[in-house]
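Here's the structure we're looking at; comments come further down.
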Amino acid sequence: GVMLYEMATGTRPFTGDTSVSTMAAIIRDTPTPVTDVNAAIPRELWRVIRRALAKDPDRRPPSAKELRNELEE
């Protein structure tokens with residue numbers, strides 16, 4: 001999810017001044033929608049990225065193969 005976000009926007013979804021603050025951001029923050037960073041990105045791609053970045057592991061794609069299938073659709 002992080003790599004897809006970076007590829008789509010050119011920015012990191014979670015940032016901080018230190019490694020500890022970055023880890024805290026990963027746990028607590030929701031990234032800015034990629035469609036807000038770049039309006040040319042399809043909303044469907046944001047849906048896939050948002051799911052891949054879900055805090056709850058049960059809400060993420062269960063495998064890289066599943067994520068690939070979602071991207072192909």
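Note that the structure is predicted; figures quoted are calculated from it, not measured.
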For Arg68, the salt bridge (Lys or Arg N to Asp or Glu O under 4.0 Å) test, sequence neighbours excluded, returns Glu72

I need the minimum non-hydrogen distance between Ala52 and Pro61, along with the two atoms involved. CA-CD, 3.9 Å

Enter the distance from Arg60:CZ to Lys55:NZ here, rounded to the nearest 0.5 Å. 9.0 Å

My understanding is that a hydrophobic cluster links ILVMFWY residues whose side chain heavy atoms are under 4.5 Å apart, including indirect links. Using that, what else belongs to the cluster containing Val34?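 So far as hydrophobic clustering goes, Val34 is joined with Val2, Leu4, Tyr5, Phe14, Ile26, Val37, Ile41, Leu45, Trp46, Val48, Ile49, Leu53, Leu67, Leu71.
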
Rest of the hydrophobic cluster containing Met23 (Ile/Leu/Val/Met/Phe/Trp/Tyr, side-chain heavy atoms under 4.5 Å)?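 Other cluster members: Val20.
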
What residues, two or more places apart in sequence or in another chain, satisfy side chain to side chain contact (heavy atoms under 4.5 Å, CB included) together with [X]?
X     : result
Asp58 : Asp56
Pro62 : Arg51, Glu66
Ser21 : Asp17, Thr18

Student check: side-chain heavy atoms of Arg50 and Pro33 closer than 4.5 Å: no

